[in-house]
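Ligands are counted one by one from 1 in listed order, and the atoms in each one are counted from 1 as well. Since the model is a prediction, treat every value here as computed from it, not as a measurement.
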Amino acid sequence: MTERGSRNIILLGAPGSGKGTQAARLTERLGVPAVSTGDIFRANIAEGTALGKEAKGYMDRGELVPDAVVIAIALDRIDANDCRNGFLLDGFPRTTEQADALDRHLAAAGRGIDGVLLLDVPTEELVRRISGRRVCRSCGASYHVTDIPPARAGLCDACDGALYARDDDNEETVRNRIEVYNVNTAPLTAYYEERKLLLRIAASGASGPDAVFADILKALRA
Ligand code: ADP
Ligand code: ZN
């Protein structure tokens with residue numbers, strides 16, 4: 001980690017572990033943009049682009065979008081000017097191939113990853129969390145019907161936008177996404193542990209989003 005605290009950060013965790021919620025808080029606190037490959041794909045689906053059409057089938061089945069596609073999109077995004085002083089990756093990398101590509105790309109520019117936050121949540125809790133998830137159509141803020149309810153049902157506290165349930169948040173797709181995470185993404189834990197970058201955060205429901213955020217700041221010394 002760098003002296004003045006981490007800047008280039010990866011958020012790792014199963015679907016439903018709270019990456020999006022914590023990314024929104026962290027990006028505000030650290031002043032670096034959150035880069036979510038899932039959000040990039042959803043925006044492309046909403047706009048009906050070729051990329052959106054390609055990604056939608058994989059996403060609806062809970063499968064990974066092919067590495068070549070994701071890697072090109074993600075690396076291009078972190079080369080943008082607003083990522084010069086740091087970025088917070090949410091949902092990328094998700095495979096060892098993606099992690100290697102990211103590593104090589106950053107190294108070539110004399111950059112690197114400063115810290116990898118692993119949001120640790122027991123598997124049994126994930127399905128319950130995701131099936132109650134609601135997302136703001138306008139600003140992307142994340143809620144839960146019982147755990148993190150908005151002040152007014154169906155409306156975003158931050159921007160009054162309409163809340164909706166994501167297409168891939170149905171139980172069958174969720175189970176597949178968790179399985180895909182365990183097979184493809186969980187190995188990244190060891191990958192970043194070997195590189196002395198892994199910061200484990202207990203993020204089960206008992207902790208609550210505020211306590212998880214406090215632990216993240218402590219881990220990052222931010
Ligand atoms: P969650 O973390 O809750 O699964 P995301 O928004 O990060 O939600 O991802 C939704 C879907 O987008 C994934 O199930 C996958 O199909 C696709 N996706 C997002 N990021 C990646 C990635 N890095 N590699 C492959 N597929 C991805
Ligand atoms: Zn909103």
Open item on the list: My understanding is that a hydrophobic cluster links ILVMFWY residues whose side chain heavy atoms are under 4.5 Å apart, including indirect links. Using that, what else belongs to the cluster containing Leu126?
Closed with: Val121, Val127, Ile130, Val174, Ile178

Task: Check against side-chain contact (heavy atoms from CB on, under 4.5 Å), Arg77 and Phe87 - done: CA-CA 10 Å; Arg77 178 66 191 88; Phe87 51 77; over 6 Å; no

Open item on the list: Check whether Phe92 forms a cation-pi arrangement with Arg94 (NZ or CZ under 6.0 Å from the six-membered ring centre, at most 45° off the ring normal).
Closed with: no

Task: Cation-aromatic face contact Arg195/Tyr191, 6.0 Å, 45 degrees - done: yes

Would [X] and [Y] pass as an ion pair if we require N to O under 4.0 Å?
| X | Y | result |
| --- | --- | --- |
| Asp147 | Arg133 | no |
| Arg175 | Glu171 | yes |
| Arg200 | Asp215 | no |

Task: Heavy-atom donor-acceptor pair, Asp76 side chain to Ala72 backbone, under 3.5 Å - done: no

Task: Residues in contact with ligand 1, criterion: heavy atom under 4.0 Å - done: Pro15, Lys19, Thr37, Gly38, Phe41, Arg42, Met59, Glu63, Leu64, Val65, Val70, Gly91, Phe92, Arg94, Gln98, Arg133, Arg166, Asp168, Arg177

Task: Nearby protein N/O/S atoms (those under 2.8 Å) for the Zn ion (ligand 2), with water ignored - done: Cys136 SG, Cys139 SG, Cys156 SG, Cys159 SG

Identify each donor-acceptor pair in which a side-chain atom of residues 30-41 lies under 3.5 Å from a protein atom, sequence neighbours left out, and give them as a table.
unit_1, atom_1, unit_2, atom_2, d
Ser36, OG, Gly38, N, 3.4
Ser36, OG, Asp39, N, 2.9
Thr37, OG1, Gly91, O, 3.1
Asp39, OD1, Arg42, NH2, 2.9

